[in-house]
Protein chains: 2
Amino acid sequence: MIPSYVTNIFSFDITPYAKWKEFRKNELICREGDDLSDLVFLIKGNAKLFLTHENGKVTIIDFFKSPTLFGEMEFMGAQKFTNGVIALNKCVCILLPLREISHLLRDDTKFLNYLCLFLCRKALRNTSNYATNQNYPLVNRLANFILLSADGEIYNRKHTEVAEYLGVSYRHLLHVFAVLCEADILQHMDKKSYRIKDFSSLATMAVNENSL
Amino acid sequence: MIPSYVTNIFSFDITPYAKWKEFRKNELICREGDDLSDLVFLIKGNAKLFLTHENGKVTIIDFFKSPTLFGEMEFMGAQKFTNGVIALNKCVCILLPLREISHLLRDDTKFLNYLCLFLCRKALRNTSNYATNQNYPLVNRLANFILLSADGEIYNRKHTEVAEYLGVSYRHLLHVFAVLCEADILQHMDKKSYRIKDFSSLATMAVNENSL
DNA sequence: TGAAAAATATGAGTTTTCTCATATAAACCT
DNA sequence: AGGTTTATATGAGAAAACTCATATTTTTCA
């Protein structure tokens, strides 16, 4: 029932503590500002981590793809209040109640080593993305994003979400898509999808977000 | 000799392994691309972490203020090559050779807990800064930066460095300083320093980078 | 099924930020 | 001390990105 890549992280048996929970699309897995009381393994589905500014604006901080983990910040006591996590499609999670097992985890070198490595990798990814975003205009970042997220030669994503993720306005994102189409690099297909006509141009202008 | 806040992180005695090393201003503590073979505690001085793009452009990723730690990424094996670290003034470091002690560290729950917490806090700070930077124009970010780094009512920093840190061109930074002066919020004093004339305006427009 | 909400789309005008050119002053080296 | 590099400073024009307005289509959900 609980996948081995989860149970293997620990040097003790977590099955007595683990709870299985499912979320529908658009359901909040963590509400912004709540105390988080569990360590959460996302084993199926995708979710996004977001933060609402006083501004009212919303930033997508990250996309979570299963399998992954969150709630480490709360486990470590590094932050009281969580950011929001919302299910992008049907999600399956395994919850480990912190109250019951945090003392076990703190003594578990196997788990702690795993967590350190997990945190390091996450930090590297974030830093790389951040540095990249600051130094290149949207065309370049978008080229990269298209290459990473296209299915073969077909790109098909929600503009609204992508705009938030790339940290630009919806309007500007559309503008840059239009530019890429005009340059004959993309072709606007039926309504929502684009076809990549010129992979090499796209690759040339793309910034490699994972080259750190 | 080695401060207790360093020795206290470990459950064993590190003194037999620790090396003491000093760096002059502008000396490279870590060269970009090298293998890093030590865990480094910066116990005195300030340093900056940077990354050179294929672009040629340089991003300041972070400022290190003592006391802090770096080299964790290499310890965890999360990255082969380090980013550059350069001393901004005289720096004193304690080096722990990874080859000799990494197996000890991996079994040391005290150290591992410390490292997890350290990584979490770093990640939170980075995320907060990142989200902030994406959503506010420079005036707001700069207002905040001025408040954080001013000495009383006197602000005095190198524009070149600040421009890099805030991820904008030198030209634009100067422009925004001029705007703040024109609005009677700052006053341009002798050559390099500015006096804050209107704290409350500055505070109003400032984005709080540490409100996560 | 029908109304409301969300996503797509495009135009026009503005703000933010960048590039490049150029000049002067300060800091650094040997 | 004198030459080199680095930091400060400013102008002009262009590119990048944003806001607001507005229209259409698609999705959601009661």
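Every chain is numbered from 1 and lettered A, B, ... according to where its sequence line falls, protein lines coming before strand lines. Side-chain atoms are counted along with the backbone in the values below, which use heavy atoms only and exclude waters and symmetry mates.
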When you get a sec, tell me which of [options] is the closest nucleotide to the side chain of [X]?
| X | options | value |
| --- | --- | --- |
| His172(A) | dA7(D), dC18(D), dA9(C) | dC18(D) |
| Val168(A) | dT8(C), dT8(D), dC18(D) | dC18(D) |
| Pro137(B) | dT17(C), dA9(D), dT8(C) | dT17(C) |

May I ask you to check whether Phe75(B) and Phe111(B) place their ring centres under 6.0 Å from each other? yes

In B/S/- notation, 5' to 3', how is nucleotides 20-26 of chain D contacted by protein heavy atoms closer than 4.0 Å? -----SS

Using five base pairs at each end, measure the axis-to-axis angle across the helix from dT1(C)-dA30(D) to dT30(C)-dA1(D) and round it to 10 degrees. 70°

OP1 or OP2 of [N] sitting under 4.0 Å from any side-chain N/O of [X]?
| X | N | result |
| --- | --- | --- |
| Ser169(A) | dT19(D) | no |
| Arg157(B) | dA7(D) | no |
| His175(A) | dA16(D) | no |

Starting at [atom1] of [X] and ending at [atom2] of [N], how long is that distance when rounded to a whole Å?
| X | N | atom1 | atom2 | answer |
| --- | --- | --- | --- | --- |
| Arg141(A) | dA15(D) | CZ | C1' | 14 Å |
| Leu186(B) | dA9(D) | CG | C1' | 16 Å |
| Met189(B) | dT8(D) | CE | C1' | 17 Å |
| Tyr170(B) | dT16(C) | OH | P | 21 Å |
| Lys158(A) | dA9(C) | NZ | P | 13 Å |
| Phe177(A) | dA7(C) | CZ | P | 15 Å |
| Leu166(A) | dA17(D) | CG | P | 11 Å |
| Leu138(A) | dT16(C) | CG | P | 19 Å |

Excluding sequence neighbours, so at least two apart, what forms salt bridge (charged side-chain N to carboxylate O under 4.0 Å, His left out) with Glu100(A)?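 Salt bridge (charged side-chain N to carboxylate O under 4.0 Å, His left out) list for Glu100(A), sorted by chain: empty.
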
Using the six-membered ring wherever Trp is involved, compare the ring planes of Phe41(B) and Phe10(B) and label them parallel, tilted or perpendicular (cut-offs 30° and 60°). perpendicular

Geometric class of the Phe177(A)/His159(A) ring pair [parallel <30°, tilted 30-60°, perpendicular >60°]: tilted

With sequence neighbours left out, what residues match [X] under side-chain hydrogen bond (donor to acceptor under 3.5 Å, both in side chains)?
| X | value |
| --- | --- |
| Lys197(B) | Asp184(B) |
| Asn156(B) | none |
| Arg171(A) | none |

Beyond-backbone contact of Ile43(A) with Ile94(A), side-chain heavy atoms, under 4.5 angstrom: yes

Is any side-chain heavy atom of Ile146(A) closer than 4.5 Å to one of Leu186(A)? yes

